[in-house]
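Beneath this line is the structure, given in structure tokens, with notes to follow.
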Amino acid sequence: MKSRFLPALGLATLLALPLCFPSGAEASLFGLGGPDDSEPITPIQYAGLLGLRDIDPVLFREKLLPLIDEAMKDGAITVGELKNIEKAAGNVAAAFYRAAREPRLQESLDQALSDAKKSGGELGAKLGDALNNELPKLFDDAVNLFREQMGQFRKENPEPPTKL
């Protein structure tokens, strides 16, 4: 038999949960408190910092890189130092969205190279077709012009009769 009070008990537990912890404690998905400010950041957090370089290169170079340089003096960035870097970065949501929508430089170069290869191939094929179609006609025209020139030369300079 199901109890009608079980859902109400679950809701009461959720509401009472914040009362069980001191007001300064932070809760995280991994337990109480989360990482300490002196702990090093994770590889994914390093990758996120590096990603800021692509989002806003000027902000990264002028504001964040000096903070990163200072934090890396001991060889690693701590959670507390990362918080200071995040404050300096401010709200990067708009810049992130622009960067996410625009193609990266490498993608643009790859597309331009692909287009150039395709256009070059098409141009080569058209040039080959044109030469294959026109070359015999050009050769015939050149031979006819040579014959005309030779005929003209013979008229102007007839050969002397041979003496027997």
**OP:** Compare every heavy atom of A88 with every heavy atom of L59, then report the nearest pair and how far apart it is.
**Re:** CD1-O, 4.2 Å
[X] side, atom [atom1]; [Y] side, atom [atom2] - distance, nearest 0.5 Å:
{"X": "N84", "Y": "T78", "atom1": "CG", "atom2": "OG1", "value": "8.0 Å"}
{"X": "L49", "Y": "E81", "atom1": "CG", "atom2": "CD", "value": "11.0 Å"}
{"X": "L109", "Y": "E107", "atom1": "CG", "atom2": "CD", "value": "10.0 Å"}
{"X": "L82", "Y": "L67", "atom1": "CG", "atom2": "CG", "value": "11.0 Å"}

**OP:** Establish whether L50 and I68 are linked, either directly or via other cluster members, by ILVMFWY side-chain heavy-atom contacts under 4.5 Å.
**Re:** no
Residue list, side chain to side chain contact (heavy atoms under 4.5 Å, CB included) with [X], at least two apart or on another chain:
{"X": "D110", "value": "Q106"}
{"X": "I55", "value": "L52, A95, F96, A99"}
{"X": "K118", "value": "E122"}
{"X": "L145", "value": "E148, Q149"}

Subject >> Residue from D37, T42, D36 passing side chain to side chain contact (heavy atoms under 4.5 Å, CB included) with E39 >> reply: D36
**OP:** Look at atom CG of L138 and say whether more than 12 heavy atoms of other residues, nucleotides or ligands are closer to it than 6.0 Å.
**Re:** yes
Subject >> Residues that E70 engages under side chain to side chain donor-acceptor pair (under 3.5 Å), provided they are two or more places apart >> reply: K73
Original post:
So which pairs with a foot in residues 42-66 pass salt bridge (Lys or Arg N to Asp or Glu O under 4.0 Å), sequence neighbours left out?
Top reply: D54-R104
